[in-house]
Amino acid sequence: MKVIREGTRTVPKTRKEYNDADRKAVEKNFKEKKIRVCGIGPDEYNCVLTYECAKEIWKALKTAHDGTTQVKQSKIDMLTTEYEFFKMKEDESIQDIHTRFTSIINELHSLREVIPTNKLVRKILRVLLGSCEWGNK
């Protein structure tokens, strides 16, 4: 960008007006944009296609994945409730229970909500003991 009219307005520079610092900044932006775009799927790509700079792409992807603070807290609340009321389903194998439980814990962890390991172990043991015939007596 360059300043015109006594510092009141900025307009983009033409390529001929670029200096070495401008060229490096454009190259860096191109590389960062390419890295971000190459790591996403087609749906996400369509959402960020129109953004010019890597920073805009990053903000859009971050919001899409993390959501706003409100959305993030809602996800945490929902997953915490799932964790608290976690029970074995009828005709569910131990492997299935473990997969479902791990999925909930991993999603919480990705939202930076960490449950201590000792609590996780106690929870899964209670679920397994509660599902045994002798555990219900």
Side-chain angles (χ1 to χ4, degrees):
M1 300 295 279
K2 66 180 177 181
V3 179
I4 59 170
R5 292 193 188 157
E6 301 174 15
T8 59
R9 204 172 111 191
T10 60
V11 294
K13 290 181 181 180
T14 63
R15 286 188 182 227
K16 291 179 182 177
E17 295 173 312
Y18 283 4
N19 59 27
D20 286 341
D22 294 330
R23 281 188 205 71
K24 285 182 181 180
V26 168
E27 186 178 330
K28 182 179 178 184
N29 182 62
F30 176 77
K31 285 180 183 178
E32 288 183 21
K33 186 176 173 181
K34 188 172 183 177
I35 288 168
R36 289 189 175 112
V37 170
C38 287
I40 60 177
D43 293 335
E44 292 169 319
Y45 178 77
N46 290 333
C47 292
V48 299
L49 180 63
T50 59
Y51 293 119
E52 291 294 319
C53 71
K55 187 174 183 178
E56 291 173 327
I57 292 171
W58 176 252
K59 284 178 72 177
L61 290 172
K62 185 169 177 18
T63 301
H65 285 274
D66 291 347
T68 61
T69 305
Q70 239 179 341
V71 171
K72 184 177 177 182
Q73 190 56 53
S74 294
K75 286 179 183 178
I76 290 171
D77 292 345
M78 181 191 70
L79 289 165
T80 302
T81 301
E82 267 188 73
Y83 166 79
E84 289 170 352
F85 292 104
F86 186 84
K87 291 182 180 176
M88 182 176 185
K89 295 178 180 177
E90 201 169 311
D91 298 326
E92 189 174 34
S93 70
I94 292 176
Q95 181 61 45
D96 293 339
I97 293 171
H98 181 264
T99 301
R100 199 163 48 88
F101 188 74
T102 302
S103 177
I104 294 168
I105 300 311
N106 287 344
E107 284 187 62
L108 281 166
H109 195 268
S110 73
L111 295 167
R112 294 184 178 33
E113 189 75 17
V114 180
I115 300 172
T117 305
N118 61 338
K119 284 188 176 185
L120 297 175
V121 170
R122 284 197 306 266
K123 178 68 174 180
I124 199 73
L125 287 175
R126 275 196 306 273
V127 168
L128 291 172
L129 288 175
S131 69
C132 296
E133 284 182 39
W134 56 271
N136 289 328
K137 295 180 180 178

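- Using a 4.5 Å cut-off on side-chain heavy atoms (C-beta onward), K33 and R36 make no contact.
- Remark: F86 engages F101 in a ring pair (Phe, Tyr, Trp, His ring centres under 6.0 Å) (not counting sequence neighbours).
- The CD1 atom of I40 sits 13.0 Å away from the CD1 atom of I35 when rounded to the nearest 0.5 Å.
- Side-chain contact check for L61 versus E44: some heavy-atom pair is nearer than 4.5 Å.
- Side-chain atoms of S103 never come within 3.5 Å of backbone atoms of T99 as a donor-acceptor pair (strictly under, hydrogens ignored).
- Within 6.0 Å of CD in E84 there are more than 12 heavy atoms belonging to other residues, nucleotides or ligands.
- Follow the hydrophobic side-chain contacts under 4.5 Å out from I104 and you never reach V71; the two are in separate clusters.
- Here D20 pairs with R23 under the salt bridge (Lys or Arg N to Asp or Glu O under 4.0 Å) rule; sequence neighbours left out.
- In the model, D96 has a side-chain atom that pairs as donor or acceptor with a side-chain atom of S93 under 3.5 Å.
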Q.
Apply salt bridge (charged side-chain N to carboxylate O under 4.0 Å, His left out) to residues R100 and E92 and explain how you reach the verdict.
A. CA-CA 10 Å; R100 199 163 48 88; E92 189 174 34; 2.9 Å; yes
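- Taking the side chain as every heavy atom from C-beta outward, T80 and I76 approach each other to under 4.5 Å.
- Counting heavy atoms from C-beta outward, R9 and V11 have side chains that approach closer than 4.5 Å.
- Ionic pairing of K75 and E107 is not present here: no N-O contact between side-chain nitrogen and carboxylate oxygen is shorter than 4.0 angstrom.
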